[in-house]
Amino acid sequence: MTPKNTLISRFPHLAHDVAASLVVFLVALPLCVGVAVASGVPAELGLVTGIVGGIVTGLMRGSSLQVSGPAAGMTVLVFEAVEEFGLPVLGAIVLVAGLLQVAMGLLRLGRYFRAISVSVVEGMLAGIGLVLIAGQLYPALTAKAPDSGLGKIAGLPGAFLDVLGDGKALTSLAVCAGTIAVLLLWRHTPVKLRALPAPLAAVGLATLAAFALNLPVATVEVHGLLDSVQPPPLSAFGELAGVGALGTVVAFTLIASAESLFSAAAVDRLHSGPRTEYDRELVAQGAGNTVCGLLGALPMTAVIVRSAANVQAGARTKASRVLHGVWLLLFAALLPGVLAHIPIPALAGILIHAGAKLVPVRALAVLWRENRGEALILSVTAISIVAVSMFEGVLIGLALAVVKTAWEASHVRLEVVDKGAGPIEAHLGGNATFLRLPKILDSLESLPQDRPVRLDLSDLHHLDHACRMALENWALRHSAAGTEPVQVTAPTAPRQRTRAPAG
């Protein structure tokens with residue numbers, strides 16, 4: 001048997017995986033750089049995270065075909081963390097978040113992320129998308145972006161007015177707009193051209209135009225791979241004792257985990273291969289983030305754009321994602337100077353396009369027609385992230401989802417039968433919780449005070465403490481005027497163990 005045949009027999013899918021890895025590498029390259037620049041860190045750190053996502057996480061078990069790296073969905077949170085705590089502390093935050101992910105995976109908590117409200121996750125991504133779009137318009141306009149999400153949106157009209165008399169800013173905006181146009185129109189180009197991923201084509205054309213026409217646009221600042229990698233000092237971990245830093249760690253952990261596991265579920269729908277092992281995937285993501293933290297790089301998540309490209313390019317095994325990390329490493333080591341020619345407004349265009357895809361305008365319209373409660377949760381989560389911050393916005397969305405679920409779960413029915421003579425029959429069924437107390441008490445207190453009442457609770461599935469006490473007090477008040485005491489039929493055992501109200 002020839003060496004070639006031996007290789008094929010040992011790795012039957014190698015040809016498919018190598019081809020797919022090259023496609024994923026070409027998709028990931030501009031996104032890694034763009035996310036890093038938008039996050040306020042050296043461009044090389046985006047490549048480092050992509051390399052770790054490919055080689056470290058890619059080698060581990062979990063989801064065989066999804067690809068990890070720096071994500072546009074984390075850009076806003078990372079930028080805020082760098083602004084508030086500094087780049088050295090970012091590494092410590094990412095490292096601790098990674099260790100928490102590993103712990104959650106080992107404790108088999110990965111599957112529970114599937115219980116998070118989809119509306120909250122979509123609202124989170126929509127809020128990130130809005131802030132990302134607004135934030136990236138400023139470098140496209142050669143202007144400084146305000147710190148807050150609301151400030152970024154509110155300041156856009158003035159920033160656009162300032163551009164009108166500034167030739168350099170107009171040129172920068174034109175490069176950004178041209179990049180977005182290429183991204184939108186690339187799918188209409190001939191099939192042979194479409195073999196080149198749209199993000200790479202858009203950035204490549206923008207770079208070529210800027211170089212050929214000598215356009216006065218800002219380009220990526222290159223520091224060198226080894227100079228950019230700075231492990232966090234021990235003093236950085238002391239900063240994590242603060243409430244703000246701890247909140248950021250929790251936000252990194254939960255958002256990166258949720259985004260990765262939701263991405264895994266989406267990728268599973270794209271292929272017929274092995275399904276994702278959620279707990280193992282969470283461990284793999286945590287291991288990758290731990291290494292990223294040790295290197296002082298960006299946090300990583302599974303990224304649906306790269307993962308979908310991997311599947312669509314014909315990947316069969318995890319070798320494709322590992323090899324894409326190898327290609328990123330070779331590029332960062334051998335061709336770092338290429339980064340210095342990439343125009344900043346072109347990267348802004350890439351991220352504006354990515355941010356727009358995070359805002360589910362059509363899905364929200366459909367959701368509004370089918371389930372307005374879920375549409376409200378999505379909208380409130382997104383608006384809260386823009387108005388307040390990422391972490392608080394997600395908490396508000398989760399709280400609203402819990403309240404909505406509790407309200408719907410506490411369905412209760414009260415039927416009153418009054419035959420005109422004898423006791424009034426009141427039948428209470430369903431789930432009697434404090435959320436429905438106003439409805440229950442309004443109905444009971446409207447019963448005639450001078451008539452005896454029989455309250456039947458046998459159809460109740462649940463009676464919480466607040467309702468029990470309220471029913472006891474109502475029964476005492478109704479009987480206080482000399483009326484025959486209220487007769488109560490207790491909830492049926494064993495569904496309800498709480499004692500019935502006293503008559």
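The analysis underlying the following values was restricted to heavy atoms, covering all of them including side chains, and did not include hydrogens, waters or symmetry mates.
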Practice task
Evaluate the criterion side chain to side chain contact (heavy atoms under 4.5 Å, CB included) for residue pair F252 and V78; output intermediate values, then yes/no.
Solution key: CA-CA 9 Å; F252 272 41; V78 174; 4.0 Å; yes
Practice task
Determine, stepwise, if the pair V27 / L200 fulfils side chain to side chain contact (heavy atoms under 4.5 Å, CB included).
Solution key: CA-CA 6 Å; V27 171; L200 187 69; over 6 Å; no
Practice task
Show the numbers, then the answer: is there a side chain to side chain contact (heavy atoms under 4.5 Å, CB included) between V24 and W327?
Solution key: CA-CA 10 Å; V24 178; W327 309 142; over 6 Å; no
Problem - Worked verdict on L130 versus V359 for side chain to side chain contact (heavy atoms under 4.5 Å, CB included) - result: CA-CA 7 Å; L130 291 172; V359 183; 4.1 Å; yes
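Here L14 contributes atom CG and R316 contributes atom CZ; the two are 12.0 Å apart, rounded to the nearest 0.5 Å. In this structure, the separation between CD on Q230 and CG on L90 is 13.0 Å, given to the nearest 0.5 Å. Here OG1 of T219 is found 12.0 Å from CZ of F211. Values are rounded to the nearest 0.5 Å. Note: E277 CD to S64 OG = 9.5 Å, rounded to the nearest 0.5 Å. Between atom OG of residue S263 and atom CD of residue E281 there is a gap of 8.5 Å, rounded to the nearest 0.5 Å. Note that the OG1 atom of T75 and the CD atom of E80 stand 11.0 Å from one another [nearest 0.5 Å].
The shortest side-chain heavy-atom distance between V326 and L329 does not fall under the 4.5 Å cut-off. Put simply, the side chain of L87 reaches to within 4.5 Å of the side chain of L45, judged on heavy atoms. Side-chain contact between L298 and V94 is absent, with no heavy-atom pair separated by less than 4.5 Å. Two residues are said to be in side-chain contact when any heavy atoms from C-beta on lie closer than 4.5 Å; L282 and S257 meet this criterion. At a threshold of 4.5 Å between non-hydrogen side-chain atoms, the residues Q66 and N310 do not count as touching. Within the 4.5 Å cutoff, the side chain of E44 has heavy atoms near those of the V222 side chain. Contact check for F85 versus L240: no side-chain heavy atoms found under the 4.5 Å cut-off. At a threshold of 4.5 Å between non-hydrogen side-chain atoms, the residues V267 and T276 do not count as touching.
Y138 approaches K152 most closely through the heavy-atom pair OH-O, 2.6 Å. Closest approach of A71 to V303, counting heavy atoms only: CB-CG2, 4.1 Å. Heavy-atom minimum distance, A81 versus T248: CB-CG2, 4.1 Å. When all heavy atoms of P232 and L294 are compared, the pair lying nearest together is CD-O, 3.6 Å. Across A387 and L150, no two heavy atoms sit closer than the pair CA-CG, 3.7 Å.
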In a table with atom names and distances, give each donor-acceptor pair under 3.5 Å that connects a side chain of residues 372-382 to protein atoms at least two apart or in another chain.
| from | atom 1 | to | atom 2 | distance (Å) |
| --- | --- | --- | --- | --- |
| R372 | NE | W368 | O | 3.4 |
| E374 | OE1 | S119 | OG | 2.5 |
| E374 | OE2 | K404 | NZ | 2.9 |
| S379 | OG | A375 | O | 2.9 |
| T381 | OG1 | I377 | O | 2.7 |

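Here the side chain of R321 pairs a donor or acceptor atom with the backbone of G58 at under 3.5 angstrom. Side-chain atoms of S39 never come within 3.5 Å of backbone atoms of F79 as a donor-acceptor pair (strictly under, hydrogens ignored). Side-chain N or O atoms of T301 include none that pairs as donor or acceptor with a backbone N or O of S260 at under 3.5 Å.
Of the residues listed (L358, I385, L398, L254), the one engaging M124 in a side-chain contact (heavy atoms from CB on, under 4.5 Å) is I385, and it is the only one.
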